[in-house]
Structure formats: structure tokens, C-alpha cells
Amino acid sequence: MWLWTSSLNFVLAILQLGFNLLVLIAVASDRRLHTNIHLLSTSLWVCNSITAIVTIFFSLNPSQCLEVPCFQHQQLPKQLVDMKSRSFAELEKFPALTTAILLNSTISLLTLLTIGFVHALARHNYHLSRSQLSRLIGSTWLLVTLLLLSDFFLIRLSRSFVLAVPFHLALLSVFLVLNLIIHPLNLIQLIISQRLNPEENSQTVRLKKDCATASLWLLLNSLSFIIIFMMVAWESKEKDQYNSIMGIEVAAFSVHCVANPLIAVIRDRQLERSLSRIIMRNKRPRTNHEEDLIIALMRDPPPPYTE
């Protein structure tokens, strides 16, 4: 069972890494995709790629993850040992994978929260400049770095995950609740404004489409957040059974890392064209200059040759 789940995680991680890198390259190579939602969503694709790399190493060498638990030889206080034995001891056998999953969820929820606030400002016709957007992205990653440093401090303090995981899950719960408030509110406000003013401009239509896309991303990330709670709360007496369940839950968590960029490509024609141009780059299309020359020759053919 564990071999099957490792193979499934490996395949999903390869798809996840390849697809997210392709979307990142497509956004970076096309200046028409340097919009607010595309630039903010790059954080999603970057953290998905990081999680995929960690999952690949986890799938290729699962035995080492099972044989070397974290903090195995450290002496803990009795209360911490009791709490650890109830729920967090198994997570310490997968420290890199657990950290990558928490990192992915933190960046995803913070990025979606930032996108929600940007959409809320856009509803009031306040659009951020490129420098303001860059500062927002940098602030998001800085906050994630501070949260990870806090986790490492709690791990160092308790010599286990017994304090870090509940602390991080509590913060993720706050981020999720804020997301569940702001994204539906943006959609409701846009629907109300549409009914009051049936004549919509292109910016309003684009904003509504972006809000719907972000809401779909939030739905999948919410399901992944539920899976994290299942991974933490699951208790099993059978070690092998737990490892199999852990592999299945990691595979289920990886679904949103593939589905979110897929949703972005399906709902964005410009991103789809840019991605198609990257995939089909060997079939070089005619340039505009060549097309104009062909049309000119068809309209005004050259005079016949005379001696």
C-alpha cells in the first residue's frame, strides 16, 4: 500500500512541478500577463513548485523518512511527551514534508487574502501601481518567513511539533476565515452593482472574472486545509496503516496544486495562448512582417519578366 501511494505522489508531484513551472514561464514571458492577479498568483505557482520538489524526494526515499524521526533521542517533559504521543509523533517522521505543506498553505491563503483586498480596492476604482504590487508580494513573503521562524523557535523550545503545529494551524484558520469573508463579499458586491448598472465596462467584467477565479482557488485551498487537519488529528495504532493514510492524504493535498493553475489557464484566454506558444515553440509561426509581405504580393503581384 505504501509503495502504491508513493508512486501516486511521485506522479502527481511531477505533474505539479511541470505545470506550475510552465505557468510561471508563461506569465514571465508575456508582458500582457503582467496584471495584478497574474503577478500576485506567481506566489501560488512558486510555493506549489517548492512543495512538488519536496514531495518528489519524499516519494523517492520514503524509507529514510520512516526510519529517522525528528527529536527521537531528546528528552521531553512528561506533559509534552503525552501530547506528542497522542497526535504529533507521526508528523515528526516527515519533518520536511510537514514544513512544505504548512508553507504551501500559508503562502496560498496569504496570497489569496492579498488578491481579495486588491479586488476590493479595484471595486472602488483604486488600482495599485507596479511598485505597490511588488511591495505587497514582498510583504507576503516576509510575513511567511517570520511565521516559519516562529515555528522553528517553538520547535526548538518544545523539541517537537507539539507547539508549532497548533500555533500554525490557528493562524491558518484566521487567514481562511478572512478569505471566506472577503472573496464572497467581492462577488456579491459585483453582482449587486451589475443589477444596478446593467451596462458594464470591460474592467468590471474582467474584475468579476478574476474574483470568480480567486474564489475557485479558495475553494480548493479550503479543501486542502481540511486535509491538513485530518493529517494532524488522525490517530492510528497501526504504524503501517498510518503511513499509507499519510501518503493518501498527501496525494489528496497535491490535487489543488495541479488544479489551481489548470483553472487559471482554462479561465484566461491570454494565459492559454501564451502557454500554447511555449509548448508549440518548435512550430514557429510566421511573423507579422512575413504575413504582410504575402498579402502585398497577393494584392499586387510583380510584373512579368521581360527581356
Minimum-distance pair of heavy atoms, taken over all atoms of T51 and A100
OG1-O, 3.7 Å

Gap between atom CG of L218 and atom CG of L180 - 0.5 Å precision
5.0 Å

Answer yes if L178 and L171 sit in the same cluster of Ile, Leu, Val, Met, Phe, Trp and Tyr residues linked by side chain heavy atoms under 4.5 Å apart, and no otherwise.
no

Please report the interatomic distance OG1(T114) to CG(L109), rounded to the nearest 0.5 Å.
10.5 Å

Of all the heavy-atom pairs spanning L216 and R267, show the shortest one and how long it is.
CD1-CD, 3.9 Å

Note: C211 and L187 closest approach over all heavy atoms is CB-CD2, 3.7 Å

Where A164 and I155 come nearest, the two heavy atoms and their spacing
CB-CG1, 3.6 Å

Cluster link L262 to V23, ILVMFWY, side chain under 4.5 Å:
yes

Taken to the nearest 0.5 Å, the spacing of N36 CG from Q132 CD works out to 9.5 Å

Can you tell me how far the CZ atom of R123 sits from the CG atom of L207, to the nearest 0.5 Å?
8.0 Å

Are side-chain heavy atoms of W141 and I107 found at a separation under 4.5 Å?
yes

Kindly compute the distance separating CD1 (I50) from OG1 (T99), expressed to the nearest 0.5 Å.
12.5 Å

When you measure from the side chain of N48 to the backbone of L44, do you find a donor-acceptor pair of N or O atoms at a distance under 3.5 Å?
yes

Min side-chain heavy-atom separation I188-I192 under 4.5 Å:
yes

Please assess V255 against L220 for the test side chain to side chain contact (heavy atoms under 4.5 Å, CB included), listing each intermediate value before the final yes or no.
CA-CA 8 Å; V255 170; L220 292 175; 5.8 Å; no

When you measure from the side chain of K208 to the backbone N and O of L190, does any donor-acceptor pair fall under 3.5 Å?
no

Does one hydrophobic cluster hold both V265 and L15, with members joined at side-chain heavy-atom distances below 4.5 Å?
no

Report yes if the side chains of E272 and D268 come closer than 4.5 Å at any heavy-atom pair, otherwise no.
no

Can you find a side-chain donor-acceptor pair between R273 and Q270 that sits under 3.5 Å?
yes

Taking a hydrophobic cluster as the set of Ile, Leu, Val, Met, Phe, Trp and Tyr residues connected by side-chain heavy atoms closer than 4.5 Å, whether directly or through intermediates, do L40 and L113 fall within one such cluster?
no

Mark yes or no for whether S274, through its side chain, and A26, through its backbone, hold a donor-acceptor pair below 3.5 Å.
yes

Between T111 and T140, which heavy-atom pair has the shortest distance, and what is it?
OG1-CG2, 4.2 Å

Contact between F19 and L275 at the side-chain level, heavy atoms closer than 4.5 Å - yes or no?
yes

Rounded to the nearest 0.5 Å, what separates atom CG in L169 from atom CG in L176?
11.5 Å

Residue pairs involving residues 255-265 (criterion side chain to side chain donor-acceptor pair (under 3.5 Å); sequence neighbours excluded):
N104-H256, N221-H256, S224-H256

Is the shortest side-chain heavy-atom distance between F117 and L136 below 4.5 Å?
no

Report whether V118 and L121 are members of the same hydrophobic cluster (ILVMFWY, side-chain heavy atoms less than 4.5 Å apart, transitive linking).
yes

Looking at F175, I'd like to know if its CZ atom is crowded, meaning that more than 12 non-hydrogen atoms belonging to other residues, nucleotides or ligands lie closer than 6.0 Å.
yes

Is the side chain of H119 donor-acceptor paired with the backbone N or O of I37 at a distance under 3.5 Å, no angle test?
no

Shortest non-hydrogen contact from F167 toward S150
CE2-CB, 4.0 Å

Please check this pair: side chain of T42 against backbone of L39, looking for a donor-acceptor N/O pair closer than 3.5 Å.
yes

Flag, side chain of N9 to backbone of T55, donor-acceptor distance under 3.5 Å
no

Residues D30 and H38: side-chain donor-acceptor under 3.5 angstrom
no

